[in-house]
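The chains referred to below are lettered A, B, ... by the order of the sequence lines, with proteins before strands, and numbering in each begins at 1.
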2 protein chains.
Amino acid sequence: MIKYQQIAIEIETYIEEHKLQQGEKLPVLETLMAQFKASKSTVTKALDLLEKKGVVFQVRGSGIFVRRHKRTGYIGLLSNQGFTSELEDFQLTSEVIELDVRKPTQEAALNLNIEENSDVYYVKRVRYINGQTLCLEESFYNKSIVTYLNNEIVSQSIFHYIKEGLGLKIGFSDLYLHVGKLNGEEAKYLGLKEGDPKLFIETLFHLANGQPFDFSKVTYNYEQSQFFLQATSHVL
Amino acid sequence: MIKYQQIAIEIETYIEEHKLQQGEKLPVLETLMAQFKASKSTVTKALDLLEKKGVVFQVRGSGIFVRRHKRTGYIGLLSNQGFTSELEDFQLTSEVIELDVRKPTQEAALNLNIEENSDVYYVKRVRYINGQTLCLEESFYNKSIVTYLNNEIVSQSIFHYIKEGLGLKIGFSDLYLHVGKLNGEEAKYLGLKEGDPKLFIETLFHLANGQPFDFSKVTYNYEQSQFFLQATSHVL
DNA sequence: GAGTGGTCTAGACCACAAT
DNA sequence: TTGTGGTCTAGACCACTCG
């Protein structure tokens, strides 16, 4: 583990263990430097990481403060690691509807940046949270990257497998979010009525080297759709 | 302007002027260091800023690449500077429904972290994009921070006024996102039908020093609700 | 192995906040 | 004025990718 990541983890642990609330102040930089036997830049880098993650905010001339939000029961939208890691506090299960190797749709091929005669793994799942339907998910995995999937993997955490089993590094993702009305099929899977509201999110996941490997189309049950986002002002 | 911000701006300009596409490579670090007469750390910091903003991604041992998304017509959700700066390519107008000083609701007081007998500016607007209703917005501004508002300011860009007119620095914000059905009043303002889908976002905006100053409740017209988000994997 | 980006340091100096 | 965080540098060394 790299030093500044380790420091970030320890600071975060410290915050949690001391149950620090929004606005509470952390020790000053000099103290942290001494405590972790690290240079100013390294500690700053750890703090930048935590700031990016939404755990602290830094105020010049004043100090480093804890950032907390007040509401519980919301799902973080930007975890980018699949929901399983995000939702450890919830009961998350999946029912696999379809799993096969096929040719991508034109849309999927375009997004994954592959030929239409390439192979993709197609996965269709209904996911449940605390026994309620959370979402209906259709995913296309570039088979030349995600070389193997089976029913067992797919009924659990695909992303965990991609990282640990295949040793791939996940990078960034692009999310496109829409609101609309459920069609008959979606309503059936989610246990709702046709015409009910839906949140529809398409996500294109990339590896750390920039290759897109997963194009997913997810329709959420509006009754469970409580999402949380943290924004930070970029300066540019 | 600070050096690494300036470098970031120039690199971004370079990308736009050369119309670089997703995956195209930027000059190597050493070249950039020479070009901007800056140290490695400074150039790296500029690149980190661009990475955070979703403009580039860096791959160790390989290079620095342009990150682009393919779709147009989507609104960025995390601009955090109000929509006006985000939507320069669109025609955005506002109709002010209400503007007054009043006591906050319990909910607003709680979020803004003020007493219920403090004063807030209450603003209710319908916002239009290219002549269509985009959203119905209700905002509560902590009057001890946002000391003055009038009809003219409120019918334009409130955030521009807060930054330039009042000299306040905007920091981070927390967004809570829901999907539901429009009630009669919302439907009327948005020109839709009761029971139609709605995207409902509550946002708590903070100054750079951590003080919450604006609690907003926004109901979006689902027909215009196309949002875009970029996620980056944090390591922790 | 060569190329390229990432980490880390020690220290000088700058900018903002609180008092 | 003092305390505190932010910027910037030069350079050593590390880690990953690619041919």
Side-chain angles (χ1 to χ4, degrees), chain A residues 1-9 11 23-52 56-67 145 167-172 206-211 232-236, chain B residues 1-9 11 23-52 56-67 145 167-172 206-211 232-236:
Chain A
M1 176 69 63
I2 281 161
K3 193 164 181 179
Y4 78 84
Q5 290 177 2
Q6 187 60 43
I7 294 174
I9 290 172
I11 293 176
E24 289 199 66
K25 194 162 183 267
L26 291 179
V28 301
L29 262 184
E30 209 170 349
T31 309
L32 296 172
M33 288 164 63
Q35 181 175 342
F36 296 113
K37 295 186 177 51
S39 73
K40 191 173 181 176
S41 315
T42 304
V43 175
T44 299
K45 192 146 191 189
L47 290 167
D48 286 346
L49 203 57
L50 291 175
E51 182 155 44
K52 191 165 135 191
V56 303
F57 61 96
Q58 303 177 66
V59 184
R60 187 189 207 130
S62 179
I64 305 149
F65 304 89
V66 173
R67 176 173 177 192
I145 298 173
L168 297 172
K169 261 174 251 159
I170 295 172
F172 52 90
H206 303 74
L207 297 179
N209 69 8
Q211 277 188 290
T232 311
S233 67
H234 336 182
V235 188
L236 301 190
Chain B
M1 176 69 62
I2 280 161
K3 191 164 182 179
Y4 78 84
Q5 290 177 0
Q6 187 61 43
I7 294 175
I9 290 172
I11 293 176
E24 289 200 68
K25 194 163 184 274
L26 290 179
V28 301
L29 261 184
E30 209 171 348
T31 309
L32 295 171
M33 287 165 64
Q35 182 176 340
F36 296 113
K37 294 185 177 55
S39 72
K40 191 173 181 176
S41 315
T42 305
V43 174
T44 298
K45 191 145 191 191
L47 290 167
D48 287 346
L49 203 56
L50 291 175
E51 182 156 42
K52 191 164 134 192
V56 303
F57 61 95
Q58 303 175 69
V59 184
R60 189 191 205 127
S62 179
I64 305 149
F65 303 89
V66 173
R67 176 173 176 190
I145 297 173
L168 297 172
K169 261 173 251 156
I170 295 171
F172 53 91
H206 303 74
L207 298 179
N209 69 9
Q211 277 189 291
T232 311
S233 68
H234 339 178
V235 188
L236 302 191

Task: Residue B:R60, side-chain heavy atoms: nucleotide from D:dC8, C:dG6, C:dT9 that is nearest - done: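 Among D:dC8, C:dG6, C:dT9, the one nearest the side chain of B:R60 is C:dG6.
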Task: B:S62, nearest nucleotide to its side chain (from D:dG11, C:dT7, D:dC18) - done: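 For the B:S62 side chain, the nearest candidate turns out to be D:dC18.
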Interatomic distance where [atom1] belongs to [X] and [atom2] belongs to [N] [whole Å]:
{"X": "A:E30", "N": "C:dA10", "atom1": "CD", "atom2": "C1'", "answer": "14 Å"}
{"X": "A:L49", "N": "C:dG6", "atom1": "CG", "atom2": "P", "answer": "14 Å"}
{"X": "A:Y4", "N": "D:dA15", "atom1": "OH", "atom2": "P", "answer": "13 Å"}
{"X": "B:N209", "N": "C:dA15", "atom1": "CG", "atom2": "C1'", "answer": "16 Å"}
{"X": "A:D48", "N": "D:dT7", "atom1": "CG", "atom2": "P", "answer": "8 Å"}

So, is [X] close to the [N] phosphate, meaning a side-chain N or O under 4.0 Å from OP1 or OP2?
{"X": "B:K45", "N": "D:dT7", "answer": "yes"}
{"X": "B:K3", "N": "D:dT9", "answer": "yes"}
{"X": "B:T42", "N": "D:dT9", "answer": "yes"}
{"X": "A:S39", "N": "C:dT9", "answer": "yes"}

Open item on the list: Closest-nucleotide mapping onto DNA chain D: is A:Q58 or A:G61 further toward the 5' terminus? I mean the 5' end.
Closed with: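 Result of the comparison: A:G61.
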- [ ] Please tell me which of B:L29 and A:F36 maps to the more 5' nucleotide of DNA chain C, matching each residue to the nucleotide holding its nearest heavy atom.
- [x]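 It is B:L29 whose nearest nucleotide is closer to the 5' end.
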Open item on the list: Judged by each residue's nearest nucleotide on DNA chain C, which is more toward the 5′ side, B:V59 or B:S41?
Closed with: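 It is B:V59 whose nearest nucleotide is closer to the 5' end.
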- [ ] Please evaluate the base of D:dG6 for a donor-acceptor partner in the side chain of A:K40 within a cut-off of under 3.5 Å?
- [x]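 Looking at the base of D:dG6, it does pair with a donor or acceptor on the side chain of A:K40 (distance under 3.5 Å).
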Can you tell me how far the [atom1] atom of [X] sits from the [atom2] atom of [Y], to the nearest 0.5 Å?
{"X": "A:D48", "Y": "A:Y4", "atom1": "CG", "atom2": "OH", "answer": "9.5 Å"}
{"X": "B:M1", "Y": "B:I7", "atom1": "CE", "atom2": "CD1", "answer": "12.0 Å"}
{"X": "A:L47", "Y": "A:I64", "atom1": "CG", "atom2": "CD1", "answer": "4.5 Å"}

Open item on the list: So B:I64, base contact, sugar-phosphate only, or nothing? Heavy-atom distance under 4.0 Å.
Closed with: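 It contacts sugar-phosphate atoms only.
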Open item on the list: Are there over 12 heavy-atom neighbours, none belonging to B:E30, within less than 6.0 Å of that residue's CD?
Closed with: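 Not buried by this count: 12 neighbours or fewer within 6.0 Å.
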TODO: Keeping the roles fixed (side chain from A:H206, backbone from A:G171), state whether a donor-acceptor pair exists under 3.5 Å.
DONE: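 No, because the side chain of A:H206 does not come within donor-acceptor range (under 3.5 Å) of the backbone of A:G171.
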